[in-house]
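Worksheet: one structure, shown below.
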Amino acid sequence: MQHFPTIFSITESEIDLNDLLAKITLPSAGAAAIFTGMVRGVTARDNPHETKYLEYEAYIPMAEAKMRQVADEIRERWSVVEGIAIVQRIGKLYPQTPTVLIACTAAHRDTGVFEAARYGIDRLKEIVPVWKKEVGPNGEEWIEGAHIPKAGE
Amino acid sequence: MQHFPTIFSITESEIDLNDLLAKITLPSAGAAAIFTGMVRGVTARDNPHETKYLEYEAYIPMAEAKMRQVADEIRERWSVVEGIAIVQRIGKLYPQTPTVLIACTAAHRDTGVFEAARYGIDRLKEIVPVWKKEVGPNGEEWIEGAHIPKAGE
Amino acid sequence: MNKVKILFFATIKDRAGQKSLELDIPSQTTVLALKEKLGVEFPNLKDSLKSVLISINQEYSFDDAVIPQGAEIALFPPVSGG
Amino acid sequence: MNKVKILFFATIKDRAGQKSLELDIPSQTTVLALKEKLGVEFPNLKDSLKSVLISINQEYSFDDAVIPQGAEIALFPPVSGG
């Protein structure tokens, strides 16, 4: 399995989907499931509001270590997954900008590759130490997550 | 709903994920699920073999009409889906090249957006009139699908 | 009479040895009757015609359908895109 | 004694009014004891300390853990990336 590419990074640069997909596509890959999150300028659900921008902050070395852990957890659960890319962009990010990407490749699409990508973004939002402050028309507010990691997480 | 972008095309050009994602990301979108298919150079499952390239052919006007139908079916099933992009590349395509893309955006990731993208690629492979001929070390062969459309499909 | 355009794709195109043709058919011809006619004109197609998919004016169609005036008809195997 | 580095992030950083500090703590200090010490030094942090997440050397850690020599300790709220 060691030859399967795993990319994880915290970056201030634009997320380049074409480049990341190419980097995790082996000759044996026929399918990629990719999730991207974008900054919402307008939120309707729960507490409807507008967002001017989000300011992301990360504890970079731990975030990269936890991204590697997310990749390891994906491989444990879906051994058919070949390449994995996990990228979190940080800094000041405006609506419609991609902020995060999880991509998994596999030989075929019916192998769990969609579920693997979904698992990846769910876990990233639980254990990767990144935070965002939301700046809107009425001021700014740190967004707080809900997950309390357990020992070994 | 008319303001939600729907992109569908048959193209001979490279599939640009960054561009397509930007085109279907409204200010209200926070999540995108994207599927891409790539040419496999090495296939292990079922009948193990190598592929030099695939040659894709489409009945273009019907293919674009059926892509629109796939998008309509997605919106019927997942009304939360905002933007949809469906692109099939045709011509001679070599291993590791993206050949097809289905992308769906929504406000949040827990809205069925992953399932919508999965449904999209499954339906494309059932009803969109595109065929591929596989060229390998031992000659060439048309790949034949398995789905027989019913009336109204 | 009804002048229709017929398109062939993939294996059907290879076996017919051509991409398309124009044909004059009687009014009220059904898809099934057209397939029989094509089987005579293109003997190589005969085996394929049992399982071929048919579209009329870019919608899937079936044996019982009556072919409308000036239709664009396509014959092709089950699709294999992606 | 044990010289440790402490990092604050997000709301914890804002309330502490600084990003990091170095601290000499007794050997065998637990996470809980360190939190109590920080609550005295940074009164604004007191309320946050009940629900703060802690990492030691980039792994999540918990009240009972004994802080190793030269540790890098971080305090932060539940994560909200993505």
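For the numbers below, each heavy atom of this structure counts, side chains included, while hydrogens, waters and symmetry mates do not. A note on names: the letters A, B, ... follow the listed sequences, proteins ahead of strands, and every chain is numbered from 1.
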- Message: More than 12 heavy atoms of other residues, nucleotides or ligands under 6.0 Å from CD of C:Q28: yes or no?
- Response: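 It does not: C:Q28 CD has 12 such atoms or fewer within range.
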- Message: Taking CZ in B:R68 as the centre, count heavy atoms belonging to other residues, nucleotides or ligands within less than 6.0 Å. Is the count above 12?
- Response: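 No - once you tally the heavy atoms of other residues, nucleotides and ligands closer than 6.0 Å, there are 12 at most.
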- Query: Which region of C:N57, side chain (C-beta onward) or backbone (N, CA, C, O), has a non-hydrogen atom less than 4.5 Å from a non-hydrogen atom of chain B, or is it both or neither?
  - Reply: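 Neither part.
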- Please look at C:F62 and chain B and tell me whether the side chain, the backbone, both or neither of the residue comes under 4.5 angstrom of a heavy atom of that chain.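 For C:F62, the contact with chain B is made by the side chain alone.
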Does anything in [range] get under 4.5 Å of chain C by heavy atoms, and if so which residues?
range	answer
residues 133-153 of chain B	B:W142, B:I143, B:E144, B:G145, B:A146, B:H147, B:I148, B:P149, B:K150, B:A151, B:E153
residues 41-63 of chain B	B:Y56, B:E57, B:A58, B:Y59, B:P61, B:M62
residues 117-125 of chain B	B:L124, B:K125
residues 99-107 of chain B	B:T99, B:V100

- Message: Can you tell me how far apart CH2 (B:W131) and CZ (C:F9) are? Round to the nearest 0.5 Å.
- Response: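 Those atoms lie 5.0 Å apart.
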- Heavy-atom closest contact (B:I127 atom, C:V79 atom, distance):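 Shortest heavy-atom separation between B:I127 and C:V79 comes out as N-CG2, 4.0 Å.
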- Message: Assess the residue pair C:E59 and B:K66 against the criterion (side-chain contact (heavy atoms from CB on, under 4.5 Å)); give the C-alpha distance rounded to whole Å, side-chain angles, the decisive distance to 0.1 Å, and a yes or no.
- Response: CA-CA 8 Å; C:E59 286 294 344; B:K66 289 292 151 189; 2.8 Å; yes
- Sub-3.5 Å donor-acceptor pair from the side chain of B:Q88 to the main-chain atoms of C:G82, do we have one?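 Yes; at least one donor-acceptor contact below 3.5 Å.
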